[in-house]
There are 2 protein chains.
Amino acid sequence: MKKYKGKKKQVYLEEHSIAHLFSFSVEDFIEVHEYQRNDWIIQESMRPDFLFYVIEGKAKIYITHQNGKVSLINFINANEYIGEMELLHDVYYTKGIQASTKTICFALPIYYYRKQLLEDAKFLRELTKFLSVKATEMAAKYTQSLAFPLENRLADFILQTADQGVYKERHVTVCDYLGVSYRHLQHVLRQFCDKGYLNKEGRNYQIRQYHSLKELAQVLHN
Amino acid sequence: MKKYKGKKKQVYLEEHSIAHLFSFSVEDFIEVHEYQRNDWIIQESMRPDFLFYVIEGKAKIYITHQNGKVSLINFINANEYIGEMELLHDVYYTKGIQASTKTICFALPIYYYRKQLLEDAKFLRELTKFLSVKATEMAAKYTQSLAFPLENRLADFILQTADQGVYKERHVTVCDYLGVSYRHLQHVLRQFCDKGYLNKEGRNYQIRQYHSLKELAQVLHN
DNA sequence: CTCAAAATAAGAGATATCTCCTATTATTTC
DNA sequence: GAAATAATAGGAGATATCTCTTATTTTGAG
């Protein structure tokens, strides 16, 4: 992890101003952090000292279960908060947050800002919306995972993450995210290829029958 | 559904005052609603006109999937909000909310109060906490459902809901909640009886080996 | 550039969970 | 209080998903 200082810091603060998120100034103690791919922004079970706001990059929220299984709870993208649970709650089991690309965050020291933040309607309004979306998304994922087999959920995931008709997520990540074994993921991907929905090209998969995947994915959504 | 008026309404408003949740008065347009067991407080996909705050009773949040499966997303208890998603978002797929016991709610007409509510730090702070807990709970349930078989999740549920050592939830409800088939739930309950963890008494189950269930449940939690 | 670690690939067999079916017993409703 | 509806009970067979294993390929650190 690197902390930006001086000129570089100023440039970031100006070009990605977050002043509109608060009704008071957070400039005094704000830091700008840069994390490399695979760096841990927050380690599991270690309470962070900052409320982070992601400016660039992408990160993953992980939890490790007692049976050794690891779940990728969700992805975090630019313009999202990290550490807001700890800001709000004194008692909270902190999840691990790992950068999956180079990630730049603003970091507000909780120690200095907590009190003010919790009294700021502007900040709270946006955080409320952010959390309500999270809660809704998690509820949707939860019920979908119980109501539909991998076939449907994977089709949805492929369509969501494919870039110009090519799906290229890493299997290990996808297993943790969709909560299935590596072996089973392979099995269903193979089926998609056999049925002609996808075409395997090395590590990537070219989408061949968009409509078939769409059909499988559609039943997840209301 | 009944609306309380006059004296009865006044008594409720006084005995269960929610003035501390807001920094302005919501008395002018507030209503007091009573729902019977099995009444729908909100119908799925029908946007409600009120933000509800539950005073007494218990309700269930349902969603119906396109394949006909029904998921019981969560329970709602006293001192929780209903309809907060619709307050926050103009576009939202409304879930069904059904009273599972006689339920009394305060109902704030969104039309009148929305603007003020979204500017009230006191209200927003508590709502933020409420939603953060929801999001965390849903994330936990989601990852647990993927990482552990029914055996563990059911043990946890039994311990959470048993009353004086007796488990007496309806199977149909539990299936929807834990996202498994009726048949499978029966199967695992039977196993618990065969192993001596539970003893079936008519429709109820007496807990016989608390520690065995505890052991199964414990692995879910960090 | 090299070696260790991680990711991919796939077979084989186990098991968790589902679907479909048929009875029996409670609960509601008119 | 009888008839309709919902809940419970369980058999039988299917399938979605997991675990374990072994081999090959790719990636990352020094």
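Lettering follows sequence order; numbering is per chain, from 1.
- Comparing B/Thr173 and A/Leu185 by the nucleotide of DNA chain D whose heavy atom lies nearest to each, the residue mapping closer to the 5' end is B/Thr173.
- If you check C/dA16, D/dC18, C/dC18 against the side chain of A/His184, the one that comes closest is D/dC18.
- Summarising the geometry, the separation between CZ on B/Arg190 and P on C/dT17 is reported as 18 Å, rounded to the nearest angstrom.
- For the side-chain contact (heavy atoms from CB on, under 4.5 Å) test with A/Leu51, the passing option among A/Phe106, A/Tyr81, A/Tyr113 is A/Tyr81; the others fail.
- Across the protein-nucleic acid pair, A/Glu201 atom CD and C/dT8 atom P stand 17 Å apart, rounded to whole Å.
- Mapping B/Gln191 and B/Arg170 onto DNA chain C by nearest heavy atom places B/Gln191 at the nucleotide closer to the 5' end.
- For B/Arg183 and D/dG11, a side-chain-to-base donor-acceptor distance below 3.5 Å is present, hydrogens and geometry of angles not being considered.
- Taking atom NE2 on B/His187 and atom C1' on D/dG10, their separation rounds to 11 Å, with Å as the unit.
- Here C/dT17 presents its P atom at 18 Å from CG of B/Asn67, a figure rounded to the nearest Å.
- For A/Asp176 and C/dA7, the CG to P distance is 9 Å, given to the nearest whole Å.
- Following rounding to the nearest Å, A/Asn152 (CG) and C/dC18 (C1') show an atom-to-atom distance of 14 Å.
- Shown are A/Tyr4, A/Phe50, A/Tyr53; of these, the ring pair (Phe, Tyr, Trp, His ring centres under 6.0 Å) with A/His33 is made only by A/Phe50.
- Side-chain nitrogen and oxygen atoms of B/Lys200 include none within less than 4.0 Å of the OP1 or OP2 phosphate oxygen of D/dT8.
- When only modelled atom types and interatomic distance are considered, A/Asp156 and A/His221 share a side-chain donor-acceptor pair under 3.5 Å.
- Closest approach to the B/Gln186 side chain among D/dG10, D/dT17, C/dT17 is made by D/dG10 (side chain taken as heavy atoms from C-beta onward).
- Distance from the side chain of B/Arg203 is smallest to D/dA7 among D/dG10, C/dA9, D/dA7.
- Between B/Tyr182 and D/dT8 there is a side-chain N or O to OP1 or OP2 distance below 4.0 Å.
- Between A/His171 and C/dA9 there is a side-chain N or O to OP1 or OP2 distance below 4.0 Å.
- Taking only side-chain nitrogens and oxygens, A/Lys69 comes nearer than 4.0 Å to OP1 or OP2 of D/dT19.
- In the set C/dA7, C/dT28, D/dG10, C/dA7 carries the atom at the smallest distance from any side-chain atom of A/Val172.
- Under 4.0 Å is where a charged nitrogen must lie from a carboxylate oxygen, and between A/Glu151 and A/Lys195 at least one such pair does.
- Counting heavy atoms from C-beta outward, A/Trp40 and A/Ile97 have side chains that stay 4.5 Å or more apart.
- Checking A/Ser181 against B/Tyr205, the closest nucleotide of DNA chain D that is more toward the 5' end is the one next to B/Tyr205.
- Distance A/Arg153 CZ to D/dA16 P: 13 Å, rounded to the nearest Å.
- Residue B/Phe192 contributes atom CZ, which lies 16 Å from atom P of D/dA9 at whole-angstrom precision.
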